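Treat the numbers as computed from the prediction; the structure is a model and nothing was measured. Each chain gets a letter, A, B and so on, in the order its sequence line appears, and its residues count up from 1.
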Amino acid sequence: MLPGGANVVSKPTTERPEPLPSVRLSELPVGTRAVVERIEGTGDLFRRLLEMGFCNRARVTVVRRAPLGDPVEYSIRGYSVSLRKDEARCVMVVAPARYE
Amino acid sequence: MSGCCESCSLAKDHARADCGTKPSERTRLTVALAGNPNSGKTTVFNALTGLRQKVGNYPGVTVEKKVGLLRLPEGTWANVIDLPGTYSLVSRAPDERVARDVLRGLRADTPAPDVVVAVVDASNLQRNLYLVSQLIEMRAPLVIALNMMDVAERRGSRIDPEVLSRSLGVPVVPVVAHRRLGIHDLVHAIGRARPAELPDWQLPAVMRAEIAGLARALDPAQRNGAPLASFPARAEGEPPERRQERYRAMAERLLVGDGVEDLGLLHSPAAVATLVDSACATLRTAGVDPVQADIEAHYRWIEGISAAHESAHAVANEPAHAAANELARQAGPHERIHAPAHGSVHAPVRRRVHARPRSWSGSPVGERAPLPSVPLTERIDAILIHRVWGLLFFALIMGAMFASMFWLAKPLQEGLTAIIEGAGAAVSGLVPGEALQSLVRDGLFAGVGSVVVFIPQIAILFLFLALLEDSGYLARAAFLMDRLLAKVGLHGKSFIPLLSGFACAIPGIMATRTIEHRKGRLATILVLPFMTCSARLPVYGLLIGTFFASLGALRQAGIMLALYLLGILFAAGAAFFLRRTMLRGMDSGFLLELPTYKVPQLSVVGRQVLGNSSKFLTRAGTTILAICIVLWVISYFPRLPESRAAAQPDANAAAAAQREYSVAGRLGQAIEPGIRPLGFDWKIGVGVIGAFAAREVFVSTMAIVYGTGGDEETVNLATAMLADRHPDGSRIWTPLVAASLLLWFVLAMQCMSTVMVVRQETGGWRWPLFMLGYMNALAYVVCLLFYQIGSRL
């Protein structure tokens with residue numbers, strides 16, 4: 001009933017296997033689903049993205065692009081958030097199939 | 001310390017004895033409302049406090065402080081503080097800082113809360129629980145108001161407040177705040193608030209080791225040498241486990257970059273910082289980022305709670321884009337990320353709309369939810385953020401807002417001005433002496449009039465803004481416009497304030513409070529006056545009509561348009577420049593939540609409009625009035641000697657002579673050498689000085705100075721201006737001079753009312769003075785270059 005990570009059991013960072021080859025969230029076309037692998041970057045944006053739920057292999061869906069091309073609306077953990085391209089670039093994702 | 005402090009379970013180690021509350025208030029319970037933005041917290045606050053609210057500011061920051069009174073079941077009163085909506089309590093944004101400081105009892109102006117009511121959006125549980133997890137870590141006595149149960153129900157979520165309450169160990173009250181359902185139970189639950197049990201957050205082993213090491217280093221009992229930290233006012237004979245726990249908590253906070261002022265004292269911050277840095281470095285080489293690990297641990301706990309609520313419909317009910325879900329399932333088990341879903345970008349959402357969303361009817365527990373229906377919000381968004389329809393709708397809304405501010409406000413403004421002028425004339429008749437009469441009529445009442453004249457536009461703009469914000473559309477508007485604004489370093493939310501600037505900068509500047517990012521907001525405020533406000537139009541009309549009449553109506557309109565575009569260009573350029581230099585930095589980025597649509601509540605909207613209008617009146621209004629009086633004084637005094645006044649051919653000429661004789665006139669003559677390189681003479685100087693009250697005053701001032709009377713008739717004025725000559729016989733007013741003056745009005749920061757509002761909104765003199773300085777300097781240089789180069793061509 002509560003989406004986004006409900007089916008996935010995630011483990012603390014050090015016990016995870018090495019990171020898988022991933023792509024940037026900004027490169028995904030509209031309509032695709034992916035799983036958050038990690039966040040690149042530092043500082044306020046890094047913390048903010050994590051706090052908004054972009055962690056622990058949360059499922060993220062690319063919903064739509066703004067008419068002018070940027071920003072892009074994503075769905076994660078049951079809510080909608082829009083990110084600019086250079087913010088979405090910091091989110092590294094992998095295909096959900098990897099964890100299912 | 002008062003009884004309130006001793007029983008305040010948040011005040012762990014207060015070194016302070018005075019939290020600033022009045023003795024009568026100290027016995028009152030303090031309830032703080034915390035929650036995410038868009039969680040309905042304000043609606044809950046309104047439901048709890050009704051009309052017993054007061055809005056102010058936290059001293060020292062430009063964060064709004066809302067407090068109210070709640071009547072408890074026992075009959076006593078409680079203070080309710082509506083904390084700023086926050087996603088987290090650790091980030092560096094001012095709103096979050098203030099919320100955290102209040103909760104930890106660190107603000108001298110606000111007592112530490114005895115109870116924290118966490119307003120949680122049930123349709124968005126996981127992210128909302130993150131804030132709750134931080135509140136739990138703070139050991140705040142909690143009550144959870146599980147709001148928006150109707151929305152959650154519609155999306156097929158089934159959250160059982162009982163189960164949640166058992167998981168968290170605190171009272172959980174289901175609430176539908178905008179229908180006032182559950183509020184009664186919530187009030188009763190306040191008495192049962194208690195700190196939740198601290199979960200075991202499951203941090204990585206290396207991090208726990210570093211925390212333990214740091215705690216040992218901080219604990220005076222476990223280290224040799226000078227103590228690095230201590231907890232004042234600790235009871236003697238405290239069990240060692242408790243003391244160790246205290247230092248452990250302090251160490252953990254330091255590692256994740258959070259403050260520890262409420263926990264204890266750091267005797268040597270530099271030494272502690274070194275220890276923290278080396279601990280962080282150790283962690284990073286082990287592949288662990290402390291901030292990340294902390295947040296991940298919180299979310300793991302949240303996911304565990306979600307799992308406890310999981311039903312058979314977990315996967316199917318992913319609210320956003322059950323449609324995208326469908327597609328993904330059809331794509332097969334081995335999904336390739338790079339394969340586009342289908343041809344058109346919007347196909348998935350549009351094609352798959354089946355079942356209607358169910359209404360909130362309280363269906364019995366255990367009933368199967370219908371197959372995935374696309375929630376109403378997404379269906380509306382499919383149109384409202386559509387490439388074509390979305391932009392069209394947006395243009396429509398913006399057009400309606402803009403038109404209202406221009407044309408609807410006008411009759412209201414004229415009505416108000418007429419009333420005040422009438423009152424001024426009446427009252428001035430009652431006082432003795434010409435000077436006093438003029439002071440009352442032209443100083444006081446005219447000053448009040450110039451304040452009040454902004455109210456219709458402010459009220460209309462805030463009516464629109466409140467409707468847009470409360471309904472959820474404001475976020476979409478920002479979403480649509482962000483691309484344009486990001487190019488100059490601004491935010492999508494800057495669009496509406498900037499647009500409002502075309503009517504008047506003042507409501508626009510007040511509207512920037514919807515922009516959370518401090519630097520972006522400041523940049524927007526600082527460039528807003530470049531947007532051609534309606535007060536400039538009379539000036540443009542006069543100058544273009546007089547000096548470019550030969551060009552014909554079409555070209556004149558073209559010049560007007562060019563001036564508008566010039567304003568926009570300079571606004572964009574200034575924003576770009578500011579955001580690359582003084583106001584550099586991303587803040588926490590654009591990251592904008594798109595909340596579910598809801599019907600705006602009139603009570604909330606009404607409160608906003610009234611609140612902002614009265615705020616303007618009290619904060620800016622008084623200073624604007626003062627400035628108008630000052631301007632009156634310098635225009636009125638010193639009085640022309642009787643003999644000279646009598647020698648004038650008519651009343652208008654007498655008025656002109658008086659103006660020349662006054663301080664304002666002398667100022668104009670004094671600055672003439674400075675402004676002559678721009679093509680201006682002393683009369684223009686006086687006009688410009690007068691325009692500091694309001695730009696349109698330039699026209700009436702010119703009329704007075706040229707002896708054509710102070711009314712709106714500009715025909716005589718135009719003739720007089722064209723006829724005016726220098727001592728050497730050359731024309732004072734040439735098209736070049738007029739063009740230079742037009743340029744001046746495009747760029748110069750003249751309206752003192754605007755400066756006062758900037759002070760009100762930024763909470764200090766620094767930025768308004770900066771704005772005054774940079775804009776006028778820019779205007780001076782540009783006009784200088786323009787006139788000098790132009791006169792040589």
Nearest 0.5 angstrom please: [X] [atom1] to [Y] [atom2], how far?
| X | Y | atom1 | atom2 | result |
| --- | --- | --- | --- | --- |
| B/Q126 | A/N56 | CD | CG | 9.5 Å |
| A/C55 | B/R300 | SG | CZ | 8.5 Å |
| A/I76 | B/R127 | CD1 | CZ | 10.5 Å |
| B/S306 | A/R77 | OG | CZ | 8.0 Å |

For the candidates A/G69, A/A88, A/P67, which exhibits the highest count of non-hydrogen atom pairs separated by less than 4.5 Å from chain B? A/P67
Has the side chain of [X] got a donor or acceptor atom that lies under 3.5 Å from a matching backbone atom of [Y]?
| X | Y | result |
| --- | --- | --- |
| A/S82 | B/F479 | no |
| B/Y299 | A/E51 | yes |
| B/R483 | A/D70 | no |

Please report the shortest heavy-atom distance between B/L484 and A/L68, naming the atom on each side. CG-CD1, 4.0 Å
Residues forming a salt bridge (Lys or Arg N to Asp or Glu O under 4.0 Å) with A/R89, sequence neighbours excluded: none
State which residues pass salt bridge (Lys or Arg N to Asp or Glu O under 4.0 Å) with B/D294; sequence neighbours excluded, sorted by chain then number. none
Contacting region of B/L391 [heavy-atom separation from chain A under 4.5 Å]: side chain
Considering only heavy atoms, which portion of B/A486 lies under 4.5 Å from any heavy atom of chain A: side chain, backbone, both, or neither? both
Contact check, side chains of [X] and [Y], non-hydrogen atoms, under 4.5 Å:
| X | Y | answer |
| --- | --- | --- |
| A/V81 | B/L594 | no |
| B/V90 | A/R47 | yes |
| A/R64 | B/D381 | yes |
| A/I39 | B/Q292 | no |

Is A/R38 paired with B/E296 through a side-chain N to carboxylate O contact shorter than 4.0 Å? no
Step by step, work out the side chain to side chain contact (heavy atoms under 4.5 Å, CB included) result for B/D482 and A/R84. CA-CA 9 Å; B/D482 188 65; A/R84 283 186 183 159; 2.6 Å; yes
Please classify the contact between A/F46 and chain B as side chain, backbone, both or neither, with a heavy-atom cut-off of under 4.5 Å. side chain
Please determine if A/R48 forms a cation-pi arrangement with B/Y87, meaning its NZ or CZ atom is less than 6.0 Å from the six-membered ring centre and no more than 45° off the ring axis. no
